[in-house]
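The chain is numbered in sequence order, starting from 1.
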Amino acid sequence: RERKDRDLDVELLGGARIIISQDRDFASVISNLQAIIYDPDFGVAGFKKVDYMDMRFGNKVFYRPK
């Protein structure tokens, strides 16, 4: 869904959210998501541990734990 600041808020199964910029190249967002998923310390199960991940800032990913 579109946020008030015109960025996108994508809700995943399990309730975690990903915040992305509409101006951002979606290929780089997918690349960053793949890096997170393949990280052995995070993986797919890691999404259950976060409230949201903010991917609006280049290759930096900010998150808030649940």
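- Contacts classified as side chain to side chain donor-acceptor pair (under 3.5 Å) and involving residues 57-66 (residues at least two apart or in different chains) are given here: Asp51-Arg64.
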Q. Does the pair Tyr52 and Val50 meet the rule for a side chain to side chain contact (heavy atoms under 4.5 Å, CB included), with working shown?
A. CA-CA 6 Å; Tyr52 70 85; Val50 298; over 6 Å; no
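- Residues Leu12 and Val44 are members of one and the same hydrophobic cluster, defined by side-chain heavy-atom contacts under 4.5 angstrom among Ile, Leu, Val, Met, Phe, Trp and Tyr.
- Among residue pairs with one or both ends in residues 17-43, those qualifying as ring-ring contact (aromatic ring centres under 6.0 Å, His included) are Phe42-Phe47; sequence neighbours excluded.
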N/O donor-acceptor pairs under 3.5 Å from side chains in residues 14-25, not counting sequence neighbours:
from	atom 1	to	atom 2	distance (Å)
Arg17	NH1	Asp9	OD2	2.9
Ser21	OG	Asp23	N	3.2
Gln22	NE2	Arg6	O	2.6
Arg24	NE	Ser28	OG	3.4
Arg24	NH1	Met55	O	2.5
Arg24	NH1	Gly58	O	3.4
Arg24	NH2	Ser28	OG	3.3
Arg24	NH2	Gly58	O	2.8
Asp25	OD1	Ala27	N	3.4

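- By the criterion of side-chain heavy atoms lying less than 4.5 angstrom apart, applied directly or through intervening Ile, Leu, Val, Met, Phe, Trp or Tyr residues, Leu33 is not grouped with Phe62; the two fall into different hydrophobic clusters.
- Among residues two or more places apart in sequence or in another chain, the salt bridge (charged side-chain N to carboxylate O under 4.0 Å, His left out) test is passed with Asp7 by Arg56.
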